[in-house]
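Proteins come first, then strands; the chains are lettered A, B, ... in the order of their sequence lines, and each starts at number 1.
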There are 2 protein chains.
Amino acid sequence: MHPRIVDTLKRNQLSITDSRKKILEMFLQRKGALAHADIEQQSGEEFDRVTIYRTLQTFVEKGIIHTIPSADNSVRYALCKDDCSEGHHHDNHVHFMCDHCGTTYCLDHVTVPAVVLPTGFKVTQVDVVASGTCMKCQ
Amino acid sequence: MHPRIVDTLKRNQLSITDSRKKILEMFLQRKGALAHADIEQQSGEEFDRVTIYRTLQTFVEKGIIHTIPSADNSVRYALCKDDCSEGHHHDNHVHFMCDHCGTTYCLDHVTVPAVVLPTGFKVTQVDVVASGTCMKCQ
DNA sequence: GTTCAAATGCAACAATGTTGCAAAATAATA
DNA sequence: TATTATTTTGCAACATTGTTGCATTTGAAC
């Protein structure tokens, strides 16, 4: 088991349960984003559907993971950077979704470019959703 | 009725029906984005739910409207620019969702900034989803 | 107006997400 | 470690959202 799992749960004052450990491990192992369905399948119906929903919801609230915007209405989640998990502050993100294999990447190290909006708009968060072909599929 | 409605439908080789006229008019009147639920409510249950789904799907396929990516898993649609409706080419877009009133704006005239991705990623489309407070709510 | 093609409405279904509550697991305390 | 209190889970039931097939209706072409 990944050593950071228990740490992360404790730091966020969450009870250490099987489902939380397993789901958090999935995120740590595979760096790409996960959808609810992915988790349900990979866990082999070990956990109730409701438990997975609630676990994801809890992780989002605590800032452990975040949702990724997508145009096709498929909710995906990805790990937040470590600093993100301490506060509830949502960072700006660049995400990349591969049209070929469907993998969604959370590109933490890509800087979000500045967006100039019309007068009157106050921007608090900017998400960039790029799509195309990923490095594995090129 | 907005004069462009019949034109747009004819140009896209679509039969001119009540539902299409009304739904297209909704998009032309209010410049913000619309969700399926908005259309269902505003039309006063005049059309079947399925018809609305199919109409939206058709409009997307023809390039008359496009979906807006969002993190909260709510599918919203907005009119494409005129040039967009001729081909199926999807332009890069900047969208803005107001945290206060929930209105989603499609900012056609804001230029999408260049995003520098790691080697191996080939970008074909970039969507920018900004959020904060809109001009009406400030 | 008649004929043909397309779109609609209905019903039934599938997928996704939510809520309340009793049972079980975890954490806190002695 | 045993006991109590709190949290989490699983189940059931429900709500919402989206899809599909097919008969009926509507619009387009002639």
Indicate, yes or no, whether a donor-acceptor pair under 3.5 Å links the base of dG10(D) to the side chain of R54(A).
yes

Measure CZ/F47(B) against C1'/dT25(D) and give the value in whole Å, please.
15 Å

Report the nucleotide, chosen from dT8(C), dG9(C), dA27(C), that has the shortest atom-to-atom distance to any side-chain atom of I16(A).
dA27(C)

Just N and O in the side chain of R49(A): are any of them under 4.0 Å from OP1 or OP2 of dT16(C)?
no

Determine, using ring centers only, whether Y53(B) and H36(B) are less than 6.0 Å apart.
yes

Does H2(B) have more than 12 heavy atoms from other residues, nucleotides or ligands lying within 6.0 Å of its NE2?
yes

Rounded to whole Å, the CD1-C1' distance (I52(B) to dT8(C)) equals 12 Å

So, does T51(B) get its side chain near the phosphate of dA7(C), meaning an N or O under 4.0 Å from OP1 or OP2?
no

Could you tell me how far apart K62(B) (NZ) and dA6(C) (P) are, to the nearest whole angstrom?
11 Å

Between Y105(A) and F121(B), is the ring centroid distance below 6.0 Å?
yes

Closest nucleotide among dA7(C), dT19(C), dG9(C) to the S15(B) side chain:
dA7(C)

For Y77(B) and dT17(D), give me the distance from atom OH to atom P, rounded to whole Å.
12 Å

Considering heavy-atom distances to DNA chain C, does H36(A) or E46(B) have its closest nucleotide positioned more toward the 5' end?
E46(B)

From the list T104(A), T67(A), D38(A), I64(A), side-chain contact (heavy atoms from CB on, under 4.5 Å) with Y77(A) holds only for T67(A)

If you take all heavy atoms of F59(A) and L9(A), which pair is closest and at what distance?
CE1-CD2, 4.0 Å

I23(B) atom CD1 is separated from dA7(C) atom C1', nearest whole Å, by 12 Å

Length of the OH-C1' vector between Y53(B) and dC13(C), whole Å:
14 Å

OP1 or OP2 of dT8(D) versus the side-chain N and O atoms of S19(A): is any pair under 4.0 Å?
no

Is the phosphate of dT7(D), meaning OP1 or OP2, less than 4.0 Å from a side-chain N or O of T17(A)?
no

Interatomic distance where CZ belongs to R20(B) and C1' belongs to dT26(D) [whole Å]:
11 Å

Let me spell it out: for each of L14(B) and V75(B), pick the nucleotide of DNA chain D with the closest heavy atom. Which residue's pick is nearer the 5' end?
V75(B)

May I have the distance from E40(B) (atom CD) to dT16(D) (atom P), rounded to whole angstrom?
11 Å

